[in-house]
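No experiment lies behind these values; they were computed from the predicted model shown. Throughout, a chain's letter reflects where its sequence line sits, starting with A, and its residues are numbered from 1.
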Amino acid sequence: MVGLAKEARARHGTLAASLTQERIVFGLTIVALAVFSLLLPGFFSRQNLLNLARNVSVLGIVATGLAIVVIGRGIDLSGTAIMAVGAAWAVTLSAGGTPETLALLLGLGLVVLMGVANGLLVAFIEIPPIFVTLATGLLIFGIGQFVLIRTLIVHLPASASFMPLLGQSKIAGVPIQILVAAVVMILAHLFLKYLRWGRFTFAQGDNIETARLTGIKVRPLLVGQYVLAAVIAYVGGILLAGANPTFSISVASAGMMYDVILVVVLGGVSLGGGSGGMSSVLAGTLLIGTLINGMTIMDVSEQWQSLVKGFVLLLAIVLDSALHPRDEETTRQNDI
Amino acid sequence: MSDASPLSLSRLQRYWPSHLVGEVLAKPWIDSVVPMTVMVIVLLIAQMLIPGYLGLGNLVSVSREFAEFGMVSLGMAIVVFCGGIDLSVGGVYALANLAALYLINVLGVPVVLAVPIVIVLGGLLGAINGFLIGILKIRAFLVTLATLVIFRAAVNLLLLNFASQITAAYTENATWDFLGIGKIAGVPTNVVVLAILAVVLHLLHTRSRLGWHIQAVGGARRAAHHAGIHVRWSIFSAYVACSALSALGGLFYGARQGSIGFDTGVGLEIAVLAAIVLGGVALGGGRGSVARAMAGAVITLVLTNVLVRLGVQGGATSTVLGIVLLIAIGFDVKWQKNRHKILQKAYVSPAFLKLHTPPDIKPGSGSPYELNDRLRGAEVLALGLVDGPEDVILDRQGRLYTGMRQGWIYRFSGENFATRELFANIGGRPLGLAFDRDDNLIVCVSGMGLYGVKPEGEVFKLTDQTNRSWFSIRDDSIIRLADDLDIAPDGKIYFSDASVRYDLHSWIFDGLEGRRNGRILCYDPATATTRTFVSGLIFPNGICMEADGRSFLFAESYGCMVSRCWIEGPKRGRVERVIKDLPGIPDNINRASDGNYWLAMVGMRSPVWDLALTMPGFRVRMVKRVPRDEWLAPNLNLGCVIKFAADGRILDCLWDGARINNPAITSMREHQGWLYLGGLTSNRITRIKLDRADPAFVGPVAYWGAPRIAGSQAGQPA
């Protein structure tokens with residue numbers, strides 16, 4: 001026992017052990033910030049930094065929802081579709097004369113339904129979450145495009161007040177978007193750290209069979225996670241819809257989902273489940289925000305940006321796999 | 001079976017092949033039935049919705065599109081076989097398309113050279129995936145998601161720079177056009193290429209080492225690793241093959257279209273994934289075939305093609321594909337999970353069986369089977385040293401041999417058989433034993449077949465398969481339950497294979513089924529071949545050669561009968577009943593010293609059991625509705641040993657009233673005035689002194705004549 005304790009202390013003491021992925025990413029963010037500040041004129045200004053944060057706040061919010069699912073060893077590829085379609089439907093409804101509050105609540109109801117659908121398919125039909133959400137993502141987008149909204153671009157009505165307030169106004173010079181993102185992340189953090197279901201999510205992500213055997217009701221928990229992810233994505237969607245007079249649901253199909261996964265994986269929320277937290281999401285969001293901001297200032301074309309993001313994503317996955325190697329004992333055969 | 005009773009549905013039921021349902025469900029190809037049916041239905045619906053859809057002209061034009069899609073599906077199928085997934089196929093497809101057009105249009109590379117370059121390029125892209133997934137063991141879904149992003153970004157970047165160049169440099173090229181729009185014997189070139197590829201891949205998948213390795217890795221990764229398969233390189237090569245095939249698809253697309261757009265190959269991964277899952281290729285690996293992947297591709301392509309023809313918007317097609325994918329995967333998951341449950345319920349298929357009225361066994365009834373307690377005084381040997389001595393046999397030297405549940409054969413010798421030796425380790429479950437002319441111990445091994453042990457203990461295999469019968473659905477060339485044997489004077493070995501439908505661990509269910517599943521096989525040492533000699537028997541068990549060597553007697557356990565089967569003369573192969581109404585379930589038969597035969601009974605019949613056998617519907621309901629451990633089972637707690645004459649007269653009957661030493665007797669051997677008894681579930685061997693027996697009788701001598709090996713009479717009983 002003494003030996004083990006000593007060994008553990010020794011391991012914790014080494015520099016390598018203290019280099020968690022999260023810390024590395026924070027470090028890289030600081031390096032990137034420093035480099036861009038030195039090289040790019042106007043980068044290190046209050047205005048640009050707020051801009052940077054504002055630009056990635058929606059990304060951070062959707063990533064928060066995804067992170068909760070990923071911690072439970074799932075994945076939600078339908079997040080951006082839920083975000084876009086839910087918000088766009090609320091906008092369409094309020095443009096059609098429905099009071100804004102009611103429209104927002106109806107939108108909330110819709111995304112809860114979508115989350116429940118994801119959760120039921122994963123928990124009860126037992127389809128791997130990757131396929132469930134891949135398919136429901138397409139399905140939700142299709143329903144939005146052809147049934148609920150019938151167009152790709154929606155216009156924010158003049159009568160709307162709450163959505164523009166969230167999307168465009170500032171408190172003490174800080175855009176509300178950033179504040180909302182911060183609140184969502186803090187709430188998610190509290191949920192994961194202090195609520196029973198949050199702790200259970202970690203247990204389930206570590207080993208779902210063990211979690212089930214210890215008496216956790218895994219199936220309702222799974223459904224809850226997907227609903228939570230959907231609702232959080234919806235909040236992001238409202239921010240996005242409120243930010244501009246027009247809102248296109250094609251954001252969902254334009255590779256935003258890859259960015260969301262990138263943020264989550266980059267920060268150290270392992271896809272193997274059971275590890276990471278909100279600080280990881282924050283780290284990933286900030287690094288991606290900095291990179292995108294820097295590249296935009298440098299006038300890098302969108303194609304090059306997505307190439308860079310693709311490589312960073314690949315790098316993040318490789319890093320994740322190196323730091324959290326697949327546990328062959330708990331890996332299920334069809335875990336792909 | 002000769003009892004006259006009115007014809008009823010139950011009686012007719014025996015002719016109804018209900019057992020085939022379970023056997024068909026157990027076949028691996030059953031998974032293909034659903035996709036193939038769906039394919040046919042989809043094609044018919046397409047014909048109904050769009051008149052002339054199945055016409056030759058339309059088929060040719062649709063099949064051109066299909067060929068490219070089919071190549072990518074083949075690639076994806078290979079990756080899925082090994083338990084992976086490749087989302088980057090669309091990116092590779094577009095890159096290959098671009099590369100092919102650039103090479104041929106702009107650089108003027110000859111087509112013959114451009115094709116291998118593009119395929120190698122695809123292989124290299126696949127090597128990236130393969131390296132990350134196979135060698136570094138990173139999750140396939142995310143790796144290929146990332147490489148998809150990268151490949152697509154690369155395509156878009158390259159297109160910005162080269163699109164106008166490619167379009168401007170367009171020139172006529174006969175070879176290139178032949179690939180794109182040419183025909184071979186009326187069939188589009190790319191379809192011919194796809195057909196060849198499919199056949200080759202099918203052969204590689206089912207018959208090559210690499211194909212088997214990939215299947216093994218997909219089926220059970222860890223087990224494959226332990227079996228010495230290079231898991232990492234198998235996965236690596238699967239991804240290389242997948243990307244190479246996708247690249248080929250992109251190349252043909254380029255040849256056909258001659259141009260490139262930003263949307264080339266977008267969403268291809270979803271469509272291809274839907275295709276192969278629809279075809280019944282299991283995600284997660286291990287199950288699937290090339291043919292099924294192709295069937296799935298046909299379904300998906302016809303589905304989207306029909307939707308486009310009916311004027312559905314492009315975006316809606318991918319929505320429909322999403323739904324189809326979801327349904328297909330949901331069905332696949334549930335099918336994989338519940339298949340064995342369905343099979344378990346459908347497999348046991350009780351048949352009608354009417355046994356003859358059993359004779360009375362009550363004391364004082366005057367029946368030859370009257371209960372007595374003559375085995376009570378039996379001498380107990382090897383108590384606690386044996387585990388399930390199903391058969392016992394003594395050699396010329398008087399040493400006692402018996403098979404163990406663990407797959408061993410023990411030999412007991414010396415004073416009171418006190419010395420125990422491990423004679424041989426065969427594996428399987430040794431059951432019936434017999435000595436051949438050369439003193440080799442021939443053993444029926446359940447689950448393995450017929451084996452022999454030389455006197456010095458060396459094990460050799462005689463046979464493990466027989467001829468497969470025509471129209472058998474379940475492979476009946478396998479010897480599942482070799483039970484007992486005897487050897488004819490000419491050296492041919494006749495042995496019973498109790499059931500072609502059940503293994504030893506579920507032999508009770510064969511009784512529950514009451515079906516004629518058993519057979520007697522004959523191994524001919526002269527030609528080293530095994531043929532089925534008699535089939536259609538109800539759990540044939542004990543076999544004993546008659547003294548003249550022209551026929552043998554055999555017991556059918558669940559038929560409660562003893563019969564004679566002729567092996568020589570005009571009646572060769574014919575079976576005639578000797579005892580048709582045993583009161584119990586017979587097991588082994590062996591010779592007695594007075595020219596008669598001993599028969600062991602492992603359990604007794606009961607009126608409830610007999611009645612249930614005549615009510616197949618009742619047993620079907622029981623099997624389907626009641627948990628397995630509460631099924632009705634034959635009584636295997638009390639048994640006896642009888643002696644009968646060759647004409648079927650019952651001469652003697654020995655019961656064990658205490659039921660401690662000999663609860664379920666499966667075998668007995670007479671040796672020098674003693675009768676040795678063994679039981680399938682016993683932990684001891686017992687022997688009893690016989691009153692009017694030849695004290696010089698030794699089994700191998702009775703069979704093969706005077707001893708050829710001069711040995712001491714070890715183990716001589718006191």
*Asks:* Which value, rounded to the nearest 0.5 Å, describes the distance between A:L314 atom CG and B:I138 atom CD1?
*Replies:*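 The CD1 atom of B:I138 is 7.0 Å from CG of A:L314, to the nearest 0.5 Å.
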
*Asks:* Identify the heavy atoms of A:A135 and B:L325 that sit nearest to each other, and give their distance.
*Replies:* CB-CD2, 4.4 Å

*Asks:* What are the two closest non-hydrogen atoms of A:S306 and B:A153, and how far apart are they?
*Replies:*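 In terms of heavy atoms, the two residues are closest at OG-CB, 3.3 Å.
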
*Asks:* Where do A:V318 and B:L132 come nearest, in terms of heavy atoms and distance?
*Replies:* CG2-CD2, 3.8 Å

*Asks:* Among A:L121, A:L262, A:I125, A:L313, which residue has the highest count of heavy-atom pairs closer than 4.5 Å to chain B?
*Replies:* A:I125

*Asks:* Check whether B:I133 gets within reach of chain A through its side chain, its backbone, both or neither, counting any heavy atom under 4.5 Å.
*Replies:* neither

*Asks:* Return the minimal non-hydrogen interatomic distance between B:L326 and A:F131, and the atom names on each side.
*Replies:* CD1-O, 4.2 Å

*Asks:* So which atom in B:T319 and which in A:G142 form the shortest heavy-atom distance, rounded to 0.1 Å?
*Replies:* OG1-CA, 3.1 Å

*Asks:* Return the CD1 to CG distance between B:I270 and A:L138, rounded to the nearest 0.5 Å.
*Replies:* 5.0 Å

*Asks:* For chain B, find which of A:V308, A:V312, A:I143, A:L139 contributes the most heavy-atom pairs closer than 4.5 angstrom.
*Replies:* A:L139

*Asks:* In terms of heavy-atom proximity below 4.5 Å to chain A, should B:L273 be classed as side chain, backbone, both, or neither?
*Replies:* side chain

*Asks:* For B:Q165, is the CD atom crowded, meaning more than 12 foreign heavy atoms sit under 6.0 Å from it?
*Replies:* yes

*Asks:* Given heavy-atom pairs under 4.5 angstrom as the criterion, report whether the side chain, backbone, both or neither of A:L77 touches chain B.
*Replies:* side chain

*Asks:* In terms of heavy-atom proximity below 4.5 Å to chain B, should A:L134 be classed as side chain, backbone, both, or neither?
*Replies:* side chain

*Asks:* Looking at every non-hydrogen atom in both residues, tell me the closest pair between B:V333 and A:I127 and how far apart they are.
*Replies:*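 Reported closest heavy-atom pair: CG2-CA, 4.1 Å.
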
*Asks:* What residues form a side chain to side chain contact (heavy atoms under 4.5 Å, CB included) with B:A241, not counting sequence neighbours?
*Replies:*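 Partners of B:A241 under the side chain to side chain contact (heavy atoms under 4.5 Å, CB included) test: B:I78.
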
*Asks:* Quick check on A:F311: does its CZ atom have over 12 non-hydrogen neighbours (other residues, nucleotides or ligands) under 6.0 Å away?
*Replies:*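 Count not over threshold, so no.
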
*Asks:* At a 4.5 Å cut-off on heavy atoms, which part of A:I140 comes close to chain B: side chain, backbone, both, or neither?
*Replies:* neither

